[in-house]
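Scroll down for the structure; my scribbles are underneath it.
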There are 2 protein chains.
Amino acid sequence: MPEDKSEFLKGTLDMLILKIVALGPIHGYAISQRIQQISRDFFQVQQGSLYPALHRLENRGLLGAEWRATETGREAKFYSLTKKGRKQLDAEMASWERISDAVALILRTAE
Amino acid sequence: MPEDKSEFLKGTLDMLILKIVALGPIHGYAISQRIQQISRDFFQVQQGSLYPALHRLENRGLLGAEWRATETGREAKFYSLTKKGRKQLDAEMASWERISDAVALILRTAE
DNA sequence: CATATACGCCTAGAACAGCTAGGCGTCAAG
DNA sequence: CTTGACGCCTAGCTGTTCTAGGCGTATATG
């Protein structure tokens, strides 16, 4: 019986990525670092989750991509939020609020 | 493009079920009604999600099951929380707190 | 009387997200 | 020279959920 080591709420990754990108253009590798850092090492985004997610979001027109050079001189794919992505982020954040409220409602039900 | 109608956070269903059952022995059909009712019609548990979930939980030894009669005289399968299920529920609730806190942390990050 | 609706259980199949576990190439440090 | 960080990627498995059916009984409604 395997314990769940890596905790991640399915369905929230896209939102978290959009939110990070909303802070400014950033490349994939840095996104995962940023998420991990801001969440105080709680979330660890696996690359096998990250890159497919980025491609999904790009294909859906929520992210724009552009190859540019990093501060350290490397080539990297920088993502930025499109207008559509902005809307989607807002919607998902509102949705998250409603959902987590509803969950809290149930969890705090005592008979 | 269609909005997502049915909102449900993958991975929370088991926890919600355990929580409802923790309130007292209850049968499947009533569980879905209870979840819907407590969440003020926000969550609608599909039967195709509900019953497989119940079987999973029973197989994992988190729920015990017993056929009994309803108040209205029908036969129904009443589930109750096992000791192991209680522990699991506590763990999942704690986990939910940590996760939702971490998500909130990211969502509230402003640069 | 017929038939629809609620109750109450179930399953098979598809869809989809995420993880595992690989791979590639470059550069700096030891 | 080899390890590790950087930075990208993919194929395939697993697991949860939804869709869309099915079954049987009771009660209400036309």
Side-chain angles (χ1 to χ4, degrees), chain A residues 1-18 20 25-37 43-60 62-63 65-79 92 99 103, chain B residues 2-18 20-21 25-37 43-60 62-63 65-79 92 99 103:
Chain A
M1 343 253 90
E3 340 302 318
D4 23 87
K5 191 64 162 295
S6 60
E7 320 236 12
F8 223 109
L9 229 346
K10 331 257 177 188
T12 53
L13 180 56
D14 287 7
M15 177 178 65
L16 296 182
I17 291 176
L18 290 176
I20 297 298
I26 185 173
H27 62 269
Y29 193 85
I31 292 176
S32 69
Q33 290 181 320
R34 208 91 171 75
I35 290 181
Q36 183 168 344
Q37 162 203 347
F43 289 133
Q44 299 206 0
V45 186
Q46 308 303 323
Q47 299 199 342
S49 311
L50 175 70
Y51 292 109
L54 287 172
H55 301 158
R56 275 201 308 268
L57 295 171
E58 188 183 354
N59 288 335
R60 288 171 59 196
L62 307 177
L63 293 182
E66 184 190 6
W67 286 90
R68 287 215 307 266
T70 312
E71 295 177 351
T72 59
R74 288 158 179 274
E75 283 297 304
K77 202 170 173 184
F78 280 77
Y79 291 93
E92 289 198 19
I99 292 175
V103 170
Chain B
E3 338 302 320
D4 22 86
K5 190 65 161 295
S6 62
E7 319 235 11
F8 224 108
L9 230 345
K10 332 258 175 188
T12 52
L13 180 57
D14 287 7
M15 177 177 65
L16 296 182
I17 290 177
L18 290 176
I20 297 299
V21 175
I26 186 173
H27 62 269
Y29 192 84
I31 291 175
S32 70
Q33 290 181 318
R34 209 88 170 76
I35 290 181
Q36 184 169 342
Q37 164 203 346
F43 290 133
Q44 300 206 1
V45 186
Q46 308 303 324
Q47 299 198 344
S49 311
L50 175 71
Y51 291 109
L54 287 172
H55 300 157
R56 275 200 309 270
L57 295 171
E58 189 183 354
N59 287 336
R60 288 170 60 195
L62 306 178
L63 293 182
E66 184 189 6
W67 285 90
R68 286 216 307 266
T70 313
E71 296 177 352
T72 59
R74 289 157 179 274
E75 283 297 304
K77 202 171 174 185
F78 281 76
Y79 292 93
E92 289 198 19
I99 292 177
V103 169

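Because the structure is predicted, anything quoted here is derived from the model rather than measured. Chain naming here is simple, since letters A, B, ... match the order of the sequence lines and numbering starts at 1 in each.
Counting to the nearest Å, the C1' atom of C:dC7 and the CD1 atom of B:Ile26 are 14 Å from each other. Rounding to whole angstrom units, CD of residue B:Gln44 and P of D:dT19 are separated by 11 Å. When the C1' atom of C:dC7 is taken as reference, atom CD of B:Gln36 falls 15 Å away, rounded to whole Å. Atom CD in A:Glu92 sits about 11 Å away from atom P in C:dA17, given to the nearest Å.
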In 5'-to-3' order, the base (B), backbone-only (S) or no-contact (-) status of each nucleotide in nucleotides 3-16 of chain D, using a 4.0 angstrom heavy-atom cut-off, is ---BBBBB-----S
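Not counting sequence neighbours, the partners of A:Arg56 by the side chain to side chain donor-acceptor pair (under 3.5 Å) test are A:Asp14. Listed by chain and number, the residues in a salt bridge (charged side-chain N to carboxylate O under 4.0 Å, His left out) with B:Glu75 amount to none (sequence neighbours excluded). For B:Arg68, the side chain to side chain donor-acceptor pair (under 3.5 Å) test picks out B:Glu66, with sequence neighbours left out. Taking the side chain to side chain donor-acceptor pair (under 3.5 Å) definition, one finds that B:Gln37 meets it with nothing, sequence neighbours left out. For the ring pair (Phe, Tyr, Trp, His ring centres under 6.0 Å) test, residues two or more places apart in sequence or in another chain that qualify with B:Phe78 are B:His27.
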Could you walk me through whether B:Ile17 and B:Leu54 satisfy the side chain to side chain contact (heavy atoms under 4.5 Å, CB included) test, starting with their C-alpha distance in whole Å, then the side-chain angles of each, then the deciding distance to 0.1 Å, before giving a yes or no? CA-CA 8 Å; B:Ile17 290 177; B:Leu54 287 172; 3.8 Å; yes
